[in-house]
Amino acid sequence: VHRQLIAHQLEKNRYYLHSVFDCIKFLVTNELAFQGDEENQQSFSAGKFLNLFQSMMERDTKLKERTTKIPANDSYLSPEMQNEMISIFATLVQKAIVCETKQSDGKCVSIFCDGTRDRNNIEQLAVALRYVKETPKERLLTVVNLSSLDANSIAHSILDSLRETELIYTIVQHSSQFSTPREHPH
């Protein structure tokens with residue numbers, strides 16, 4: 001009986017977390033801002049995340065019932081938790097891109113970068129990949145904050161981002177296949 005109670009509680013918690021993840025996934029996929037002026041569910045300017053979650057609760061009695069039993073400090077609705085979940089999603093997407101790149105049709109992967117300053121005047125470098133997997137693909141791998149704009153610092157930032165994703169091993173492995181000396185007939 002005790003195990004059944006725990007299993008039932010776990011099922012309810014998973015349902016709640018899946019709903020939180022669904023809200024985050026929707027906003028991230030549609031490139032929408034999360035926060036409003038006030039981060040509480042009773043505010044008219046609570047932000048898209050809390051408003052979307054509130055809307056889901058109004059339509060889903062199971063979710064609403066579960067929400068009433070969760071302590072306020074453990075609701076997974078805080079901006080910090082939202083950012084943590086976004087980071088988890090980003091890591092999963094990045095891993096999927098790296099996996100797809102490693103399984104690409106050709107032996108050629110192209111890396112390209114572009115930089116711009118954000119509104120806080122911080123130079124950011126977008127690191128992207130091109131490869132072929134059935135059709136040509138172009139994927140943003142990561143965005144890196146640059147501390148310096150000299151060529152050496154930029155090159156190190158690019159290589160570090162490739163190392164972090166474990167993609168550099170694949171690139172070096174493929175490039176070494178092309179640079180091996182061939183025997184020429186005499």
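Nothing fancy with the numbering, it's 1 onward along the sequence.
Annotation for Leu162 and Thr165: closest pair O-OG1, 3.0 Å, computed over non-hydrogen atoms. Of all the heavy atoms in Leu125 and Gly115, the pair that sits closest is CD1-N, 4.0 Å. When all heavy atoms of Val20 and Ser75 are compared, the pair lying nearest together is CG2-O, 4.5 Å. Between Val127 and Ser161, the shortest heavy-atom contact is CG2-OG, 3.9 Å.
Taking OG of Ser148 as the reference point, atom NE2 of His156 lies at 11.0 Å (rounded to 0.5 Å). The line from CE of Met85 to CZ of Phe21 is 5.0 Å long, rounded to the nearest 0.5 Å. To the nearest 0.5 angstrom, Asp22 atom CG is 8.0 Å from His18 atom NE2. The distance from the CZ atom of Arg3 to the CG atom of Leu10 is 13.0 Å, given to the nearest 0.5 Å. Note that the CD1 atom of Ile97 and the SG atom of Cys99 stand 11.0 Å from one another [nearest 0.5 Å]. Atom-to-atom distance recorded for Glu164:CD and Thr91:OG1 is 10.0 Å, nearest 0.5 angstrom.
The hydrophobic clustering, which links ILVMFWY residues whose side-chain heavy atoms are closer than 4.5 Å, places Leu129 and Val143 apart. One hydrophobic cluster, built from ILVMFWY side chains closer than 4.5 Å, cannot hold both Ile154 and Ile122; they sit in different ones. Transitive grouping of hydrophobic side chains (ILVMFWY, heavy atoms separated by less than 4.5 Å) brings Ile86 and Met81 into a common cluster. One hydrophobic cluster, built from ILVMFWY side chains closer than 4.5 Å, holds both Ile70 and Met57. The hydrophobic cluster containing Val98 does not contain Leu92, counting ILVMFWY residues as joined when their side-chain heavy atoms lie under 4.5 angstrom apart, directly or transitively.
If you check the side chains of Tyr131 and Glu100, you find a donor sitting under 3.5 Å from an acceptor. Counted by atom type alone, Ser153 and Asp150 present one or more donor-acceptor pairs between their side chains at under 3.5 Å. Tyr15 and Asp60 are linked by a side-chain donor-acceptor pair at a separation below 3.5 angstrom, with hydrogens and angles left out of the test.
Within 6.0 Å of CD on Glu58 lie more than 12 heavy atoms contributed by other residues, nucleotides or ligands. Residue Gln4 places its CD atom among 12 or fewer non-hydrogen atoms of other residues, nucleotides or ligands, all under 6.0 Å distant. Surrounding CZ of Phe89 are more than 12 heavy atoms belonging to other residues, nucleotides or ligands, all under 6.0 Å away. Few gaps surround CZ on Arg117; more than 12 heavy atoms of other groups in view lie less than 6.0 Å from it.
Using a 4.5 Å heavy-atom cutoff, the side chains of Lys62 and Arg66 are not in contact. Residues Met56 and Cys23 form a side-chain contact, since some pair of their non-hydrogen atoms from C-beta on lies under 4.5 Å apart. Residues Arg163 and Asp160 have side chains in contact (heavy-atom distance under 4.5 Å, counting atoms from C-beta outward). The shortest side-chain heavy-atom distance between Gln103 and Lys133 falls under the 4.5 Å cut-off. With contacts defined as side-chain heavy-atom distances shorter than 4.5 Å, the pair Val144/Gln124 does not qualify.
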side-chain contact (heavy atoms from CB on, under 4.5 Å) between Glu65 and Thr61, intermediate numbers included:
CA-CA 6 Å; Glu65 182 265 327; Thr61 55; over 6 Å; no

Given side-chain contact (heavy atoms from CB on, under 4.5 Å), test Thr142 with Gln94 step by step and report yes or no.
CA-CA 8 Å; Thr142 190; Gln94 197 174 57; 3.6 Å; yes

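Taking the six-membered ring where tryptophan is involved, the planes of Phe53 and Phe49 are essentially parallel, since the angle between them stays under 30° and well short of 60°.
Panel note: side chain Asp118, backbone Asn120; a donor-acceptor pair is recorded below 3.5 Å. Listed for the Glu123 side chain is a donor-acceptor partner under 3.5 Å among the backbone atoms of Thr116. With Ser55 contributing its side chain and Asn51 its backbone, the two residues share no donor-acceptor pair below 3.5 Å. In this structure a side-chain-to-backbone donor-acceptor pair under 3.5 Å is missing from Ser87 to Asn83.
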Could you pull out every donor-acceptor pair under 3.5 Å between side chains of residues 24-34 and any protein atom, sequence neighbours left out?
residue, atom, partner, partner atom, Å
Thr29, OG1, Lys25, O, 2.6
Asn30, ND2, Phe26, O, 2.8

